[in-house]
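Have a look at the structure below before the remarks.
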2 protein chains.
Amino acid sequence: MTQPRPAGQHTVRRHNSALVLGAIATAPGISRAGVAARTGLTKATVSSLVDRLIGAGLVHDAGPEQRPGPGRRGTSLSLSPAGPHGLGVEIGVDYLATCLVDLTGAVRHERIRPVDNRFRPVADVCTDVAAALDEELREAAGAQVTVGGIGVAVPGLVEASTGLLRRAPNLDWHDVDIPAELRGRVSLPDAAILVGNEANFAALAELWTGGHDDLHDFVHVSGEIGIGAGIVIGAELFSGVRGFGGELGHFPVDSDGPHCPCGARGCLERLAGQDAILERAGAADLDALLDRLATGDGAATGAARHAAARLGIALSSVVNLLDVPAVVLGGTYARLYPWLAEPLRAELGARVLSASWSPVGVVCSTLGTEAAVRGAAASAVRAIVADPDAFMDGR
Amino acid sequence: MTQPRPAGQHTVRRHNSALVLGAIATAPGISRAGVAARTGLTKATVSSLVDRLIGAGLVHDAGPEQRPGPGRRGTSLSLSPAGPHGLGVEIGVDYLATCLVDLTGAVRHERIRPVDNRFRPVADVCTDVAAALDEELREAAGAQVTVGGIGVAVPGLVEASTGLLRRAPNLDWHDVDIPAELRGRVSLPDAAILVGNEANFAALAELWTGGHDDLHDFVHVSGEIGIGAGIVIGAELFSGVRGFGGELGHFPVDSDGPHCPCGARGCLERLAGQDAILERAGAADLDALLDRLATGDGAATGAARHAAARLGIALSSVVNLLDVPAVVLGGTYARLYPWLAEPLRAELGARVLSASWSPVGVVCSTLGTEAAVRGAAASAVRAIVADPDAFMDGR
DNA sequence: CGAGATAGTTTGACGCCTGAACTTATCGAC
DNA sequence: GTCGATAAGTTCAGGCGTCAAACTATCTCG
């Protein structure tokens, strides 16, 4: 819990700077007058704040705007493409991905490297990560832009207060201080390094760059090797008290179901995970499954329906508890969306108490497996946009 | 989602007023200098703010404090017992409770009236509520205090944005505008009326007046006729996006379990609700059950263990999802606590992923069935303490 | 080319916090 | 008993950031 701090004029300026920058971010090309109208601040204040933001290299003045009708043209403002960039890394179970995005979230460079990280020592993996980071840093240097922050997505439980990776079952890591490991291996600028769970970052990427209108509250379910959920409420990530939230994979959905390494029976992961679907369908891999689904194969569609029903049982509990109006299917589930959506909607409609007057939306993720890296990179720049004064004071 | 507003000097004052009043509320008897040290504001600012708060009747100056050592004595500040009071009403299924509390949350008057409200028309019940409110208002008038706000606890789903009671299954009500119904029936001051779910109010009461130290994050489970959960995170209520959150009663805990009116099978409410426990134990009512538990009766203790295990299944999902470090047993469960706690702890320990390094606390509620009314009344005064400027400007 | 409309800047005022000096109050030592 | 040390509370000038209003700049239309 962040303890409340006294407010002063600087607090006001900080708040309003973020307000102005947020307005420019959500409506690129807006004029100072437009920002004033949108935020409720006066033109004078907006001018003063915008000048500061331009001075810090966060906002770009693109000259007079095109607009019909009488009156002087405003100057078109937008987030500066030359401003600080965000660098994202995802330490996946079987790949390593990096990504460089500008302030608007646009991807400038991206690379995915297949590596089997299962049970590799922390030091080895971090050396790889450092090399991958160096590559992106050179990319940034070549484009004459600075890196304002780094986001690291990991498949495990990250403690919010310390940034420690507490458990990563599929990597067999525990209690790893990733920022510390990296700082020793790569010539980083004094940028902030923030570590987070991949499912959470993926949910944020979907929120920011998924292209869904007015989707500020949802649960993003990513079916990868495990099943993780990212909860977004009020356009903000909700990751629980200590950051360990969103663990959906071990929701019990069948008291007679198969045993799970976690000790319980009938965990969602065992019944609706990627491996479970493939096995039930008798398909070798995801591509084979998709082929057979496309031809209307009975076993394949049956497996999808079965998984969707189990997913619906778990998600209906989530919706009843959190009252989120929509579910986003990501990761593997995004590719299976056409076959999952209907049975999932049916299950949710039957089990969610508020569904009778307010049905739960089921939406397909637009970002694929890259969602997590994108989210990690975007988080770094979002942190700057959300609090530009902190960034400006820091340098 | 509340859209961000521009900040000005008034925002600063508002924030700091709340900060100062909060410091006085959490440390009664503190001096101006103490508040300054605790909040980080200067003595000058604190003096100015405190004077305003005293002027508004929110803070009481109790003369010089007792303290050893040299130096001038500070003046002892505390929330004014003569300040605005909070009035709470709970429309229960089989009772109607009212409660009047002062700014500190201390109960000044309380009354519970047994009434069977099942399936009574809205108008009839609201007439009773109005009469009960009038009684408390006369009480307040007799004590020369004003009522600063009214909280209404109801057993149903309340929409946060509108304050409408959407569904109350056990009353058979839907879409009731309780503030509107009341304003026509009782001579209210222009006080704010806030309607909320009883489980949520109960959780807040536990947070504020439960006497638990450093318990700012928990799920409060109240086992009454239904099973409701109030989620408190960061010392604030989390009631979901639209306010319908916390519905725990229909979590599926046994895929072979009995059918539930909701349409599903094996809902928690059917397996761990008060009626289910009594039936399994073969007890006529709760007192009979407690008697038999006290004697170590096998059927009774077995029924308790059985319910606790089912409750554990549902709560472990909640904890995995929200990462709350503690569970508070309230309502009927509070009375059964000695027999529920151990099996519940065992179930949570086995099913919660983070339990291995951070066990989930299981705590007994200290407030009984009065928690909800208390919470409703306290909410009204908390709203004033949390934002005193809004209260001061309003009058 | 001038009236009207819209964008952006300048200027003075106001509110609120801050820091330092000042007043008030109490204790302990001589 | 008086003096000095210590702490609480008040007063006052100063700074900062927003606001309102006046002013300048630019564009369209008649």
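All values reported here derive from a predicted model rather than from experimental measurement. A, B, ... follow the sequence lines: proteins, then strands. Residue 1 opens every chain. Values below: every heavy atom of this structure, side chains too, minus hydrogens, waters and symmetry copies.
A donor-acceptor pair under 3.5 Å is absent between the side-chain atoms of B:His60 and the main chain of B:Leu58, judged by distance alone. Formation of a donor-acceptor pair under 3.5 Å by the A:His216 side chain with backbone atoms of A:Leu207 is not found in this model.
Only A:Gly69, A:Pro70, A:Gly71, A:Arg72, A:Arg73, listed by number, bring a heavy atom of residues 69-82 of chain A to less than 4.0 angstrom from any atom of DNA chain D.
Between B:Lys43 atom NZ and C:dC22 atom P there is a gap of 14 Å when expressed in whole angstrom units. Look at CG on B:Leu19: it is 16 Å from P on C:dC16, rounded to the nearest Å. Separating the CD atom of A:Glu65 from the P atom of C:dT6 is a distance of 12 Å, rounded to the nearest angstrom. Between the CZ atom of B:Arg14 and the C1' atom of C:dC17 there is a distance of 18 Å, given to the nearest Å. One can place CZ of A:Arg67 at 13 Å from P of C:dA5, the figure rounded to the nearest angstrom.
Looking at heavy atoms from C-beta onward, B:Leu53 lies in side-chain contact with B:Pro388 at the 4.5 angstrom threshold.
Dashed line: the shortest gap from a side-chain N or O of B:Thr42 to OP1 or OP2 of C:dG19 is not under 4.0 Å.
Taking 4.0 Å as the cutoff to heavy atoms of chain A, we find the contact window on DNA chain D bounded by D:dG15 to D:dT28.
Between A:Arg183 and A:Asp177, none of the side-chain N atoms (NZ, or NE/NH1/NH2) sits under 4.0 Å from a carboxylate O, so this pair counts as no salt bridge. Salt-bridge annotation for B:Arg242 and A:Asp217: absent, with no side-chain N of the basic residue lying under 4.0 Å from a carboxylate O of the acidic one. Taking 4.0 Å as the cut-off between side-chain N and carboxylate O, B:Arg108 and B:Asp102 do not count as a salt-bridged pair.
With hydrogens and angles left out, the side-chain atoms of A:Ser31 and A:Arg72 include no donor and acceptor closer than 3.5 Å. Side chains of B:Arg374 and B:Ser379: a donor-acceptor N/O pair is absent below 3.5 angstrom, by distance only. A:Ser17 and A:Asp389 form a side-chain donor-acceptor contact under 3.5 Å, judged by distance and modelled atom types alone.
Nearest-nucleotide mapping onto DNA chain C: of B:Ala44 and A:Ser47, the residue sitting toward the 5' end is A:Ser47. Positionally, the nearest nucleotide of DNA chain D for B:Ser31 lies more toward the 5' end than for the other of A:Pro68 and B:Ser31.
Donor-acceptor pairing under 3.5 Å, judged by distance alone, is present between the side chain of A:Gln9 and the base of C:dC16.
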